[in-house]
Amino acid sequence: MQLLLIHSDYIEFEAKRPTKFAEDIEDSAKKGRLEDALCAFIAVEKFDEDDPDAVVAEGSKQISEVAEQVHAKKIMIYPYAHLSPNLSTPDSAVNILKGLQESLSKEYEVVRAPFGWYKAFSLSCKGHPLSELSRSIKLGEGEIVSQALKSEAKAVSYWKIMDLDGTLINIDKFDFDGHENLRKFGQYEMAKSRAVDAVPPHVDLMRRLEMVDYEPGSDSGNMRFYPKGRLVKSLLENYVLDKAMDMGAMEVETPIMYDMDHPTLKKYLDRFPARQYQIEAEKKRLFLRFAACFGQFLMGHDMTISYKSLPLKMVEITRYSFRREQRGELVGIRRLRAFTMPDMHTMAKDMSQAIEEFKKQYETSISVLNEIGLDLADYEVAIRFTKDFFEDNREFVHDLVAIVNKPVLIEMWDERFFYFVLKFEFNFVDTLDKASALSTVQIDVENAERYDITYVDENGERRQPILLHCSPSGAIERVMYALLEKAARETDRGRLPMFQTWLSPTQVRIIPIAERHQPRAFHVAQDLGFRVDVDDRDETVGKKIRDAGREWIPYVAVIGDDELVSGLLTVTIRSESTPKNAAKFKMNVDDLRKKIQTETSGKPQRRLPLPMKLSERAKFI
RNA sequence: GCCUCGGUAGCUCAGCUGGUCCAGAGCGAUUGACUUGUAAUCAAUAGGUCGCGUGUUCGAAUCACGCCCGAGGCUCCA
């Protein structure tokens with residue numbers, strides 16, 4: 001709502017002719033005049049329709065505040081469309097204007113000029129400092145603040161730690177000795193503050209390794225990926241997709257933008273704690289998805305599903321999901337506004353099947369993170385549930401704790417504020433003590449009904465499934481963040497940082513010592529397969545070795561006169577080296593190939609994303 | 001809108017109590033020499049209206065004012 005407030009000596013109007021939006025009025029209402037009145041020119045805007053009552057409340061509050069300041073006893077409500085390019089429908093506008101009139105009439109003498117008429121008016125502005133004011137009313141800055149965001153602030157949580165024996169301990173009573181990260185995680189969660197106050201180490205690494213960078217030409221939190229970053233991301237995406245499909249999921253693809261006024265979506269928006277990007281096109285209000293839920297649930301709604309197909313799973317690697325996170329929370333790739341999230345949904349027959357699936361997906365998530373290079377010591381587990389769920393499934397929750405074999409942060413709500421009754425998350429805690437969720441699974445008891453998703457059971461009856469939301473790895477960018485942060489931590493501990501071989505952009509670097517060794521180097525590169533490159537630059541061996549180390553290359557093979565004679569390679573294996581001591585091994589091409597084969601089998605394969613010859617490479621940063 | 005910090009070569013930054021050490025360093029790039037055995041070979045060359053504008057001054061990267069852009073924080077007004 002836009003308001004233009006003018007303190008006037010007098011304001012008078014006369015309705016001349018109706019427009020097609022004109023409200024029906026008595027002849028007596030066609031003329032009006034007030035003296036010493038505050039005249040409020042008002043444009044009701046599109047987004048005011050989302051919560052008309054709140055707009056009326058806020059509008060009348062602001063108008064009376066000004067009336068109070070200028071000591072006006074009378075108020076003229078004057079519809080004035082020209083204040084906004086983004087008007088509401090005439091009906092909504094009239095309703096809101098009437099609402100204002102009603103609300104203000106309690107304390108003031110109010111006249112409302114009729115809506116939708118061509119009116120003549122004359123006005124005399126008093127011209128004192130406060131006599132001309134404008135106000136904009138935008139609830140939540142013109143966006144819809146979802147009900148879930150509001151309830152997240154209200155939700156009453158009980159924070160506990162579940163110990164290995166299944167006892168729940170109040171968080172302030174728990175002895176955190178030896179569980180430093182769990183303590184930090186708990187504090188972080190309870191504080192609910194996500195603001196960034198220092199730059200975490202992965203930011204330098206992501207740029208220095210030429211993986212990811214800021215894109216000044218876009219919005220904050222929308223990144224550019226250089227070839228090496230794109231490769232790692234692609235490998236991770238494909239790996240997680242494979243794992244989801246191993247669990248029986250079917251890959252689908254769904255749109256990235258949706259109509260805000262679609263009835264089921266509107267309700268879902270209200271239940272999800274995130275801010276959206278909103279765009280307008282052809283008079284439609286669209287929002288960019290923040291997950292694949294809508295697409296898959298809308299698909300599920302249209303499907304014919306027998307109990308024989310359950311549990312039924314669909315997965316999409318969402319490139320992208322969008323969440324308009326607050327600016328202060330964005331740094332590097334820990335938290336983004338556009339991110340890639342593997343999103344799998346399971347339709348389960350009933351709660352018991354849902355619980356069974358939940359456990360499988362919990363275990364798969366552990367294994368997925370492990371294969372990527374993050375083990376149980378690298379993250380903390382949170383399990384959140386409603387009190388009711390816990391009382392019915394105490395043993396099950398204890399099982400989950402037993403599987404990870406370490407204490408777990410518990411958050412319990414006495415009421416269900418969200419669409420789920422149970423969820424877990426694996427949270428990476430970085431060196432700045434910030435926690436970020438990776439894998440998560442939720443049991444959703446609300447959306448099957450909202451989207452009207454049904455299956456037919458053994459007796460031919462339609463039933464609603466229980467839904468599970470699962471991201472086996474969490475957002476891919478965040479996995480990369482965690483890997484880089486872990487590498488930084490390793491460096492601090494005096495170890496050589498590296499990625500798993502299957503994720504390394506260059507798996508083998510071949511360094512010919514002099515120009516005469518190059519043909520052999522290229523030959524070995526061809527012969528070996530995998531992502532191999534050759535440092536054929538005119539640099540010293542020392543420089544080439546150093547550069548290979550700075551790129552975290554797992555295998556570095558030097559070829560000189562000795563190797564030409566012996567036919568062997570001298571390979572430095574990073575995983576067995578220390579910063580002071582390079583672990584060098586003589587081996588032939590077959591040995592090396594077998595070694596890499598075992599380290600990469602079952603993982604996605606991609607070719608080298610850059611020219612094989614280092615002499616031909618451009619610099620990105 | 002306000003406050004703080006920042007904007008100097010492709011990158012990272014120094015200079016900033018105004019004046020031939022103020023236009024610099026390292027890395028990177030180019031060229032040349034070297035043909036190299038495990039964490040930076042040597043040398044040369046090219047690259048900048050020091051964010052933009054206006055002032056002050058004999059003289060401005062440096063001081064003042066205004067503006068633009070970025071990061072962070074605060075906040076909503078005559």
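Quick caveat: nothing in here was measured; it's all calculated off a predicted structure. Lettering follows sequence order; numbering is per chain, from 1.
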Q: State which residues pass side-chain contact (heavy atoms from CB on, under 4.5 Å) with A:P227; sequence neighbours excluded, sorted by chain then number.
A: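 A:P227 satisfies side-chain contact (heavy atoms from CB on, under 4.5 Å) with A:P609, A:L610, A:F620 only.
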Gap in Å between the two [atom1] atoms, one belonging to [N] and one to [M], rounded:
N: B:U12; M: B:A71; atom1: P; result: 15 Å
N: B:G66; M: B:A25; atom1: P; result: 35 Å
N: B:G73; M: B:G10; atom1: P; result: 30 Å
N: B:C11; M: B:U49; atom1: P; result: 14 Å
N: B:U20; M: B:G59; atom1: P; result: 15 Å
N: B:A78; M: B:U8; atom1: C1'; result: 40 Å
N: B:U17; M: B:C67; atom1: C1'; result: 27 Å
N: B:A46; M: B:U31; atom1: P; result: 15 Å

Q: Kindly label the base of B:G51 as syn or anti, based on whether its glycosidic torsion lies within 90° of 0.
A: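 Because its glycosidic torsion lies more than 90° from 0, B:G51 adopts the anti conformation.
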Whole angstroms only, please: what is the [atom1]-[atom2] distance between [X] and [N]?
X: A:Y214; N: B:G7; atom1: OH; atom2: P; answer: 18 Å
X: A:D213; N: B:C11; atom1: CG; atom2: C1'; answer: 11 Å
X: A:D204; N: B:C13; atom1: CG; atom2: C1'; answer: 14 Å
X: A:E515; N: B:A33; atom1: CD; atom2: P; answer: 11 Å
X: A:E551; N: B:A39; atom1: CD; atom2: C1'; answer: 13 Å
X: A:E210; N: B:C11; atom1: CD; atom2: C1'; answer: 11 Å
X: A:Y226; N: B:C11; atom1: OH; atom2: C1'; answer: 11 Å
X: A:I511; N: B:U36; atom1: CD1; atom2: P; answer: 16 Å

What's [X] touching, base or sugar-phosphate or nothing? Going by heavy atoms closer than 4.0 Å.
X: A:V541; result: sugar-phosphate
X: A:R550; result: nothing
X: A:G560; result: base
X: A:E563; result: base

Q. Could you spell out the base pairing of RNA chain B in dot-bracket, with Watson-Crick or G-U pairs whose two distances are under 3.5 Å, [ ] crossing and | to another strand?
A. ((((((((.[[[[.)...(....]]]].(((((.......))))).....[[[[[..)....]]]]])))))))....
Taking side chain as C-beta onward, heavy atoms only, is [X] less than 4.5 Å from [Y]?
X: A:R335; Y: A:R323; value: no
X: A:N588; Y: A:L569; value: no
X: A:L484; Y: A:F499; value: yes
X: A:E380; Y: A:F428; value: no
X: A:M211; Y: A:M480; value: yes

Q. What string of B, S and - do you get for nucleotides 27-32 of chain B 5' to 3' if you count protein non-hydrogen atoms under 4.0 Å?
A. -SS---
Q. Taking for each residue the nucleotide of RNA chain B bearing the nearest heavy atom, is the 5' side occupied by A:R546 or by A:D561?
A.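 Taking each residue's closest nucleotide, the earlier one in sequence belongs to A:D561.
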Q: Using heavy atoms to find the nearest nucleotide of RNA chain B for A:I513 and A:R207 separately, return the residue whose nucleotide is more 5′.
A: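 Its nucleotide being nearer the 5' end, the pick is A:R207.
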Q: Starting from the C-alpha separation in whole Å, work towards a yes-or-no answer on side-chain hydrogen bond (donor to acceptor under 3.5 Å, both in side chains) for A:E107 and A:S64.
A: CA-CA 9 Å; A:E107 291 183 53; A:S64 22; 5.9 Å; no
Q) Which nucleotide in the set B:U41, B:A39, B:G37 lies at the smallest distance from any side-chain heavy atom of A:L496? A)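 The closest nucleotide is B:A39.
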Q) Among the nucleotides B:G37, B:A39, B:U35, which one has an atom lying closest to any side-chain atom of A:D562? A)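 Per side-chain heavy atoms of A:D562, the pick is B:G37.
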**Q.** Within 6.0 Å of CD in A:Q597, more than 12 heavy atoms from elsewhere
**A.**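 Yes.
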Q. Taking OP1 and OP2 of B:U36, is either one under 4.0 Å from a side-chain nitrogen or oxygen of A:R516?
A.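 Indeed, a polar side-chain atom of A:R516 lies that close.
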Q | Test item: side-chain donor near acceptor, A:E599 and A:Y555, under 3.5 Å | A |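 Yes.
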Q) Stepwise, does the side-chain hydrogen bond (donor to acceptor under 3.5 Å, both in side chains) test hold for A:T318 with A:R289? A) CA-CA 9 Å; A:T318 61; A:R289 69 171 175 198; 4.8 Å; no
Q: Please list, by residue number, the residues of residues 577-588 of chain A whose heavy atoms come closer than 4.0 Å to an atom of RNA chain B; answer none if no residue qualifies.
A: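 Listed by number, they are A:K584.
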Q: Report yes if the distance between the aromatic ring centroids of A:Y379 and A:F185 is under 6.0 Å, otherwise no.
A: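 For A:Y379 and A:F185, the ring centres are not under 6.0 Å apart.
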Q: Please name the pair of heavy atoms, one in A:V556 and one in A:A548, separated by the smallest distance, quoted to 0.1 Å.
A: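 Minimum heavy-atom separation between A:V556 and A:A548: CG2-CB, 3.9 Å.
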Q: Output all residues satisfying ring pair (Phe, Tyr, Trp, His ring centres under 6.0 Å) with A:F121, sequence neighbours left out; order by chain, then residue number.
A: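 Only A:F41, A:Y78 meet the ring pair (Phe, Tyr, Trp, His ring centres under 6.0 Å) criterion with A:F121.
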Q.
Taking salt bridge (Lys or Arg N to Asp or Glu O under 4.0 Å) as the cut-off, I'd like each qualifying pair that reaches into residues 547-559 of chain A, sequence neighbours left out, listed once.
A.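 Listed by first then second residue: A:K228-A:E551, A:R509-A:E551, A:R537-A:D547.
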